[in-house]
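Below: one structure, written as structure tokens.
Owing to the predicted nature of the structure, the values given are computational and were not obtained by experimental measurement.
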Amino acid sequence: MQLRYNYRAYPDTSQRRALASAFGCARVVWNDCLRDRKEAHAAGLPYVKSAELSRIRITQAKRTAERAWLAEVSAVVLQQSLRDLDTAYKNFFDSVTGRRQGRKVGPPRYKSKKDTRQSIRLNTNAFSLQENGTVYVAKVGNLKVKWSRRLPAAPTSLTVTKDSPGRYFLSFVVDSEPDVLPGLETDTGLDLGLSAFAVLSGGRKIDSPRFLRRAEKKLKRLQRELSHKAKGSKNRAKARIKVARQHARVADRRRDWHHKASTQIIRDNQAVYVEDLAVSGLGRTRLAKSVHDAGWSAFVGMLEYKAALHGRTFAKVGRAFPSSQVCSACGFRDGPKPLRVRRWTCGECHAVHDRDHNAARNVLFEGRRIVAAGRVETPNACGVPIRRARVPAQRGEAGSPRKGQTTQAGIPGL
């Protein structure tokens with residue numbers, strides 16, 4: 001499987017100028033090729049092939065006075081920019097025709113020098129790892145890198161990125177074998193929330209760190225200072241960088257916390273089941289700031305790829321499953337409840353439930369049922385088989401593999 005390793009880079013002044021030139025040239029090639037294809041489509045002409053674009057917009061453009069500066073950067077950077085455009089078009093066409101699952105993908109858009117993220121992509125012909133710990137990039141030089149950990153194998157590609165605060169990162173793609181952990185007898189279901197970030201079916205609660213909420217006071221002050229600066233001035237540019245750095249600190253802390261929490265859950269359980277939440281829909285409600293601050297999608301994505309890496313079982317329970325309405329003790333469906341109800345009593349067996357813990361247990365039972373591929377009965381904590389309440393069949397239970405299918409050691413469907 002392929003893994004990505006990110007490291008912080010510290011280019012000097014001349015290297016920053018060379019990287020800025022590379023970012024600009026890659027952006028110009030992208031925009032020129034995109035414009036040609038858009039104009040051909042508007043005129044009713046056939047789709048312009050990549051070979052034709054490479055000949056006109058890269059090879060011949062270097063010989064003209066208007067685009068002669070394209071020769072100052074590595075040709076690999078320009079070719080990879082064209083390949084990225086081809087990938088963007090392929091994703092768009094696959095999404096339109098239904099071959100690509102998930103959310104709809106829009107057509108490629110023009111890039112701007114004012115975008116918050118600038119990047120170039122290189123293959124092994126344009127970069128190399130040096131013995132002194134630096135990374136050589138063609139026509140840029142040897143970049144100083146902060147190696148936080150060793151690469152498990154030789155990288156196959158490199159992406160150089162500059163973010164909004166002005167930081168530089170090197171992202172290596174490495175082909176790695178799965179690191180299968182010793183097998184365990186435990187499994188768990190997760191109920192994600194806002195008051196508590198996650199509640200495990202065993203009863204453990206993971207408190208929500210709320211990194212954005214904790215940084216709001218400082219962000220408010222920095223945003224007020226930015227609004228007072230004159231547009232186009234150097235002081236406004238400095239104030240904008242301060243705001244971007246503070247947002248980057250919040251994102252870095254959240255990402256680091258997600259990695260630590262997801263790794264611990266994967267190491268402690270042989271199987272992990274989580275509910276497939278409609279995060280994009282919740283992000284348009286009055287809880288939008290808290291939902292984005294929690295970062296559920298990134299956390300679930302980490303659980304999924306780490307389960308495949310370490311040989312664990314991972315499954316998503318469909319969002320239509322009524323995890324908060326079903327009693328985890330007897331299986332009786334007690335109906336919907338408003339969010340303010342945190343504890344409730346089952347009308348059938350009179351068991352008192354914590355809302356989040358009960359939902360986590362139901363996610364565990366439903367996850368086991370999905371993995372069992374049609375198994376009707378699931379034993380409860382005492383080993384007594386109980387029949388679950390009737391619920392609509394999930395999309396992933398029959399037919400072609402979809403979101404409900406499990407992943408074990410990177411092999412879908414096992």
Side-chain angles (χ1 to χ4, degrees), residues 1-9 76 80 83-84 87 90-91 100-102 119-137 143 145-161 169-188 190 252 255-274 297-316 367-368 370-373 396 400-414:
M1 61 185 305
Q2 288 187 334
L3 300 178
R4 186 176 292 276
Y5 289 79
N6 291 328
Y7 301 92
R8 180 79 180 270
V76 175
Q80 291 294 339
R83 290 184 182 138
D84 291 341
T87 302
K90 182 179 182 302
N91 294 336
R100 180 185 175 93
Q101 298 181 1
S119 65
I120 56 174
R121 199 159 59 88
L122 309 166
N123 57 22
T124 53
N125 297 327
F127 78 94
S128 61
L129 305 181
Q130 305 299 311
E131 294 181 356
N132 58 0
T134 60
V135 176
Y136 171 76
V137 177
L143 297 177
V145 184
K146 180 66 175 179
W147 297 102
S148 56
R149 52 181 173 172
R150 296 177 60 89
L151 287 172
T156 58
S157 68
L158 168 65
T159 303
V160 184
T161 306
F169 293 92
L170 303 184
S171 178
F172 298 94
V173 175
V174 177
D175 292 327
S176 178
E177 295 295 330
D179 182 16
V180 180
L181 296 175
L184 299 174
E185 298 295 331
T186 58
D187 56 355
T188 185
L190 269 71
D252 292 343
R255 189 183 306 109
D256 179 70
W257 186 86
H258 280 168
H259 274 294
K260 292 178 180 177
S262 59
T263 301
Q264 188 66 36
I265 292 174
I266 292 297
R267 289 185 179 274
D268 293 345
N269 299 277
Q270 182 64 32
V272 178
Y273 313 111
V274 64
S297 295
F299 180 74
V300 172
M302 291 179 185
L303 287 175
E304 187 171 8
Y305 92 81
K306 290 179 181 180
L309 176 63
H310 297 300
R312 302 306 199 197
T313 301
F314 176 86
K316 289 182 180 180
R368 287 174 177 172
I370 293 176
V371 172
S400 59
R402 294 183 184 271
K403 291 185 177 180
Q405 297 295 322
T406 59
T407 300
Q408 183 173 1
I411 305 175
L414 291 183

Heavy-atom side-chain contact between [X] and [Y] under 4.5 Å:
X: Q130; Y: V135; value: no
X: L190; Y: L303; value: yes
X: N269; Y: F314; value: no
X: T263; Y: K306; value: yes
X: H258; Y: R255; value: no
X: V76; Y: F127; value: no
X: L309; Y: L3; value: yes

T159 side, atom OG1; L122 side, atom CG - distance, nearest 0.5 Å
7.5 Å
Minimum heavy-atom separation for S262 to F299, with atom names?
N-CE1, 3.7 Å
Which heavy-atom pair separates F169 from R8 by the least distance, and what is that distance?
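Heavy atoms of F169 and R8 come nearest at CE2-CD, 3.8 Å.
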Pairwise salt bridge (Lys or Arg N to Asp or Glu O under 4.0 Å) hits with a residue in residues 120-135, at least two apart
D84-R121
Within the distance-only criterion (no hydrogens, no angle test), does the side chain of [X] pair as donor or acceptor with the backbone N or O of [Y] below 3.5 angstrom?
X: D256; Y: D252; result: no
X: R312; Y: I266; result: yes
X: T186; Y: D268; result: yes

Under 3.5 Å, sequence neighbours excluded: what are the donor-acceptor pairs made by side chains of residues 170-181?
{"unit_1": "S171", "atom_1": "OG", "unit_2": "R4", "atom_2": "NH1", "d": "2.8"}
{"unit_1": "S171", "atom_1": "OG", "unit_2": "N6", "atom_2": "OD1", "d": "2.8"}
{"unit_1": "D175", "atom_1": "OD1", "unit_2": "Q2", "atom_2": "NE2", "d": "3.3"}

Before giving the answer on side-chain contact (heavy atoms from CB on, under 4.5 Å), spell out for V137 and L158 the whole-Å C-alpha distance, their side-chain angles and the decisive distance to 0.1 Å.
CA-CA 9 Å; V137 177; L158 168 65; 4.2 Å; yes
Under 3.5 Å, which donor-acceptor pairs do the side chains of residues 148-155 form with other protein atoms, sequence neighbours left out?
none

